[in-house]
Amino acid sequence: MLPEEVQSKLALNLVKEIGPATEKRLQEAGFQSLKDLIVRGPVDVAEVTGMEMDTSIIICNKARAVLEELGIIEKSFVTAISLYDRRKKVDRISTGSKSFDELLGGGIETRAVTEVYGEFGTGKTQLGHTLCVTVQQPRWQGGLEGKALYIDTEGTFRPERIVSIAEARGLEPDVFLNNIIVAKAYNSAHQELIVEEAGPVIEQSGARVIILDSAVAHYRAEFLGRATLSERQQRLNKFMHILVRLADTYAVAVLVTNQIQASPDSIFGESVKPVGGNVIAHTSTYRLFLKRSGKNRIARIVDSPYHAEREILFTLTDKGISDVG
Ligand code: GTP
Ligand code: MG
């Protein structure tokens, strides 16, 4: 259950169309607050509760209106100047490296989904681990004094690594470990269930970052061959959209890691493409490509709506993601 003051602020019955019977039905289906309704959306709400689609649409739209009114989510119509003001104030989390942060305009952005792709060993998982620590630090050190939710699909989350990153930064490891919630996803359906149920967990814990390492591995392993491609993309698409709505509704940063595959359509030699086709590309707000450069690593920002396509050098040390030299 959510804390009382949060619950009353987001209570389902703030929407007058939600009477006691509907409220009970929604709660039984796992929807605890108005935020849950808009994260899942009308199609899911109708499917899970068995209510009419029309009713579900009305309820979800009203839920959005109430949250807009409360200033919890962005209004549908806003002036560019108020958007600009809000963008200047958007919270960011330090990656652990100054130049990496600069590349991103100050760190990994909240209310957005950032995709990071690259070959094995390029630092995707290390970035996830580092953010679990930096997000907890005070603002003047690049954090948000928030917690982290780590969804591990590859079995590569290592508490020992959190300990070493914290210790190397002069921090008390136990405190930091205690503020990271780890969910191990055993298959794609389980991974979907975890994000569908993540809302109340974020609310209760005060998480400001969600790491999904990796977004695609289960889909890639389970859906083999061309015949299953469209189902895979559909499922991945729905999954990514839930992440986008979680980011926006709960003001969290979402980091998804992605694998790469050799691109057969390249005529210019070395070329790699992230897995997941257009789905991940189109749903992520920012995309980062990591690659090796001797002992160091290069991070390049690609397809950003407002960053120039630029790259920087960073390195992987005991501190996690770090500056070179
Ligand atoms: P895949 O998941 O296999 O695709 O790779 P990835 O991009 O997630 O790689 P990951 O982030 O796990 O990076 C692994 C690299 O991080 C290693 O090759 C090391 O260079 C570095 N690394 C990992 N742990 C440590 C550590 O404790 N100390 C130091 N100095 N470097 C580490
Ligand atoms: Mg990894």
Side-chain angles (χ1 to χ4, degrees), residues 93-97 99-101 103-104 108 113-135 148-171 173 176-177 180 182-188 191 194 209-222 236 243 253-263 270-276 280-281 284 286-302 311-325:
I93 305 160
S94 173
T95 58
S97 145
S99 40
F100 205 148
D101 288 350
L103 177 76
L104 296 167
I108 302 275
V113 176
T114 301
E115 173 198 2
V116 51
Y117 66 94
E119 252 178 47
F120 69 93
T122 47
K124 304 180 295 294
T125 299
Q126 298 308 311
L127 177 60
H129 280 65
T130 310
L131 287 171
C132 285
V133 173
T134 53
V135 71
L149 173 59
Y150 198 106
I151 305 170
D152 183 13
T153 76
E154 299 188 313
T156 50
F157 178 80
R158 292 285 176 278
E160 302 87 319
R161 191 66 185 114
I162 299 294
V163 171
S164 76
I165 293 171
E167 278 177 346
R169 290 170 185 271
L171 306 164
F176 283 77
L177 284 172
I180 304 167
V182 184
K184 190 160 166 56
Y186 291 95
N187 52 52
S188 64
Q191 174 178 336
I194 289 171
V209 68
I210 305 174
I211 313 290
L212 212 125
D213 188 21
S214 96
V216 293
H218 284 316
Y219 293 92
R220 204 180 178 190
E222 290 167 30
L236 202 48
L243 288 180
V254 176
L255 181 86
V256 304
T257 71
N258 195 357
Q259 300 157 321
I260 53 170
Q261 57 194 15
S263 168
E270 182 218 7
S271 173
V272 290
K273 266 206 317 224
V275 180
I280 308 256
S284 317
Y286 303 111
R287 318 189 73 202
L288 297 168
F289 174 48
L290 304 186
K291 65 176 185 185
R292 281 171 214 274
S293 168
K295 275 195 288 184
N296 298 324
R297 301 288 186 275
I298 290 171
R300 181 192 302 160
I301 189 152
V302 283
E311 51 184 45
I312 57 93
L313 215 53
F314 69 96
T315 188
L316 300 168
T317 68
D318 292 352
K319 287 171 135 179
I321 303 287
S322 312
D323 283 311
V324 178

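Both counts, for ligands and for their atoms, begin at 1 and track the order of listing.
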Q: Considering only protein heavy atoms, determine whether one is less than 4.0 Å from atom 17 (C) of ligand 1.
A: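 There is no protein heavy atom less than 4.0 Å from atom 17 (C) of ligand 1.
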Q: Ignoring hydrogens, just give me the one of Q259, E160, E154 whose non-hydrogen atom is nearest atom 2 (O) of ligand 1.
A: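 Among Q259, E160, E154, the closest heavy atom to atom 2 (O) of ligand 1 belongs to E154.
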Q: If you measure from each non-hydrogen atom of R297 to ligand 1, which part falls under 4.0 Å: side chain, backbone, both or neither?
A: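 Side chain only; the backbone of R297 stays clear of ligand 1.
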Q: Decide whether the shortest distance between a heavy atom of G118 and an atom of ligand 1 is less than 4.0 Å.
A: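 False for this residue.
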Q: Give, for atom OH of Y150 and atom CD1 of I162, the distance between the pair rounded to the nearest 0.5 Å.
A: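 So the gap between those two atoms works out to 8.0 Å.
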Q: In terms of residue, atom name and distance, what is the protein heavy atom nearest to atom 32 (C) of ligand 1?
A: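 Checking every protein heavy atom, the shortest distance to atom 32 (C) of ligand 1 gives R161 NH2, 3.9 Å.
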Q: Is any protein N, O or S atom closer than 2.8 Å to the Mg ion (ligand 2), and if so, which?
A: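 Sorted hits: T125 OG1.
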Q: Return the residue, atom name and 0.1 Å-rounded distance of the protein heavy atom closest to atom 14 (C) of ligand 1.
A: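 For atom 14 (C) of ligand 1, the nearest protein heavy atom is G121 CA, 3.9 Å.
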Q: Report yes or no: do T153 and Q191 form a side-chain donor-acceptor pair below 3.5 Å?
A: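 Distance-only check fails for T153 and Q191.
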Q: Among all protein heavy atoms in this structure, tell me which lies nearest to atom 13 (O) of ligand 1, with the distance rounded to 0.1 Å.
A: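 Result: Q126 CG, 3.6 Å.
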Q: So F314 and L290, do their side chains get closer than 4.5 Å, heavy atoms only?
A: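 Heavy-atom side-chain distance check passes, below 4.5 Å.
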Q: Restricting to side-chain contact (heavy atoms from CB on, under 4.5 Å), what partner residues turn up for R158, sequence neighbours left out?
A: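 Residues passing side-chain contact (heavy atoms from CB on, under 4.5 Å) with R158: H129, E160, R161.
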Q: To the nearest 0.5 Å, what is the distance between CG on D213 and CG on L255?
A: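 Spacing of CG (D213) from CG (L255) equals 8.0 Å.
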Q: Please work out which of V116, V163, L127, L316 has its closest non-hydrogen atom nearest to atom 15 (C) of ligand 1.
A: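 The nearest heavy atom belongs to L316.
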Q: Please check if any side-chain donor atom of S94 sits under 3.5 Å from a side-chain acceptor atom of D101, or the reverse.
A: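 A pair is found: one side chain offers a donor N or O, the other an acceptor, under 3.5 Å apart.
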Q: Report the nearest protein non-hydrogen atom to atom 4 (O) of ligand 1: residue, atom name, distance rounded to 0.1 Å.
A: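 Here the nearest protein heavy atom works out to K124 NZ, 2.8 Å.
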Q: Please write down residue, atom name and distance for the protein heavy atom closest to atom 28 (N) of ligand 1.
A: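 Atom 28 (N) of ligand 1 sits closest to the protein heavy atom D318 OD1, 3.1 Å.
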Q: From the options L290, T317, N296, select the one whose nearest heavy atom is closest to atom 30 (N) of ligand 1.
A: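 Among L290, T317, N296, the closest heavy atom to atom 30 (N) of ligand 1 belongs to T317.
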Q: At under 4.0 Å between heavy atoms, which part of E119 makes contact with ligand 1: side chain, backbone, both or neither?
A: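 Backbone only; the side chain of E119 stays clear of ligand 1.
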Q: If you have a sec, work out which protein heavy atom is nearest atom 3 (O) of ligand 1 and how many Å separate them, to one decimal?
A: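 For this ligand atom, the closest protein heavy atom is F120 CB, 3.3 Å.
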Q: Give the residue and atom name of whichever protein heavy atom lies nearest to atom 8 (O) of ligand 1, and the separation in Å to one decimal.
A: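 Heavy-atom neighbour on the protein nearest atom 8 (O) of ligand 1: T125 OG1, 2.7 Å.
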